[in-house]
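Note sheet for the following structure.
So that the names make sense, note that chain A is the first sequence line, chain B the second, and so on, each numbered from 1.
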Amino acid sequence: MLEVEYYRRLASEVVGLTITGVSVDDPHALAGPLRPSDLIRALEGRSFTTARRTGKVLFFDSSGDSATNERERGAPASRGSGPTLAMRFGMTGSVIVDGHPALDRLLYAPAHVDPKWIVLSIEFDDTFTLALHDPRRMARVAFNLDEERLGPDAATVSAAALRSALTGRLPPRRGPATSGAALKARMLDQSRLAGIGNLLADEILWRASLAPDRPAGSLADHEIRRLHRHLRATVAELLERGGSHTGNLMGERRRGGRCPLDGTELLRSTVGGRTTWWCPGHQH
DNA sequence: CCGGATGTTCACCT
DNA sequence: GAGGTGAACATCCG
């Protein structure tokens, strides 16, 4: 999510410019039934009105009729709004504007930008280019993604909203709240809380002194408030530092790694389907 | 050479 | 219904 926030800031440079070309270099990047021609027809001639982010998803709202639609329907320009483009980045997707990556280096991504890993590029005013770069091809773009399926953004979530994200029922489901799942699994569930990835989850839980496999519903009020405090602070601090790989625990995520706080040897386990490193000495 | 890695989705279990 | 597991995606790195 921190990385996506950097992409959003970079992408905001092209907001308001006219889309003069769309090139789909790898159709694999298009979600579901979307075809390259759909994307090109929907976007060319329009402009993005916003570059906004919820969790790990970058959204571009568009405005004005596309050139094709105007030609086809003879409609007057810009009175309706266009589709919203959504980008998800998988593990190695990133945004490049005019050849400049948002970050110098990303964990597990190749150190250098390689043109062969550009899966999509959008040209603005015949001059500027926003590209989606993705060596592992897990990034996807889609139109009009269901935003209801994303929980509140972790960077701004309130303590009360965090509590219901962890223990509440998920709309539109009915019935009693369930809270048997592991705390970390709930934190990673994007439909409950948007934006927390595996590294960030471990760092936050370590700072909040909470064991990742605690049932989410077992947290006392003061523990939820503590989690909330550390969650907000960690997101802000790692954003400042340069990404989710800049946490204090990062260097110890290996066999024999020790807790930077108390020196206890870290445990490696699987929680919520993801590799989890945590300190049995102070996380309870 | 092997295993595992910032993520999401889906099929298939219990 | 809830929750867990494993696969798939494709490439790089230790």
### Task
Examine B:dA5: is either OP1 or OP2 under 4.0 Å from a nitrogen or oxygen in the side chain of A:Arg268? Give yes or no.
yes

### Task
Just compare C:dA10, B:dG4, C:dG3 and give me whichever is closest to any side-chain atom of A:Met138.
C:dA10

### Task
To the nearest Å, give me how far apart CZ (A:Arg192) and P (C:dG3) are.
7 Å

### Message
Between B:dT8 and C:dC12, how many Å separate the two P atoms, rounded to a whole number?
### Response
22 Å

### Message
Any carboxylate oxygen within less than 4.0 angstrom of a Lys/Arg side-chain nitrogen, looking at A:Lys116 and A:Asp25?
### Response
no

### Task
Starting at atom CZ of A:Arg254, determine the distance to atom C1' of B:dG3, rounded to an integer number of angstrom.
18 Å

## Note on the structure
To the nearest angstrom, the CE-P distance between A:Met91 and B:dG4 comes to 13 Å

### Side-chain N,O (A:Thr92) to OP1/OP2 (C:dC12) below 4.0 Å
no

### Query
For A:Arg253 and B:dT6, is the shortest distance between a side-chain N/O and OP1 or OP2 below 4.0 Å?
yes

### Message
With a 4.0 Å cutoff (strictly under), does any side-chain N or O of A:Arg140 reach OP1 or OP2 of B:dT9?
### Response
no

### Nearest-nucleotide pick for A:Ala181, side chain only, options being C:dG4, C:dT11, B:dG7
C:dG4

### Query
Does A:Arg274 make a side-chain N or O approach to OP1 or OP2 of B:dA5 shorter than 4.0 Å?
no

### Message
If only side-chain N and O atoms count, and only distance matters, is there a donor-acceptor pair under 3.5 Å linking A:Asp125 with A:Thr127?
### Response
no

#### Entry: Heavy-atom side-chain contact between A:Ser62 and A:Leu85 under 4.5 Å
no

### Message
Output the rounded distance in Å from CG (A:Leu183) to P (C:dG3).
### Response
13 Å

### Query
Which base, if any, makes a Watson-Crick or G-U wobble pair with C:dG4, both distances under 3.5 Å?
B:dC12

### Query
In whole angstrom, what separates A:Trp117's CH2 from C:dA10's P?
14 Å

### Message
One thing to verify: whether A:Glu223 and A:Arg225 come together as a salt bridge, which I'm taking to mean a side-chain N less than 4.0 angstrom from a carboxylate O.
### Response
no

### Query
Expressed as a whole number of Å, how far does the C1' atom of B:dG3 sit from that of C:dG6?
16 Å

### Query
Can you find a side chain N or O atom of A:Arg136 that sits less than 4.0 Å from OP1 or OP2 on C:dA10?
no

### Task
Going by the ring pair (Phe, Tyr, Trp, His ring centres under 6.0 Å) test, name the single residue among A:Phe59, A:Phe89, A:Phe60 that passes it with A:Tyr7.
A:Phe89

### Task
Would you please say whether a donor-acceptor pair under 3.5 Å links the side chains of A:Thr92 and A:Asp134?
yes

### Query
For A:Gly273, which contact category applies under a 4.0 Å heavy-atom criterion: base, sugar-phosphate, or nothing?
nothing

### Query
Whole-Å distance between B:dT8 P and A:His28 NE2?
16 Å

### Between P of B:dC2 and CZ of A:Arg255, the distance in whole Å
19 Å

### Message
Tell me whether the side-chain N/O atoms of A:Lys56 come closer than 4.0 Å to OP1 or OP2 in B:dT6.
### Response
no

### Out of C:dA10, B:dG4, B:dT9, whichever nucleotide has its closest atom nearest the side chain of A:Thr275
B:dG4

### Task
Starting from P on B:dG7, measure out to CZ on A:Phe89 and report it in whole angstrom.
14 Å

### Message
Under 4.0 Å, heavy atoms only, any strand: does A:Gly272 hit a base, just the sugar-phosphate, or nothing?
### Response
nothing

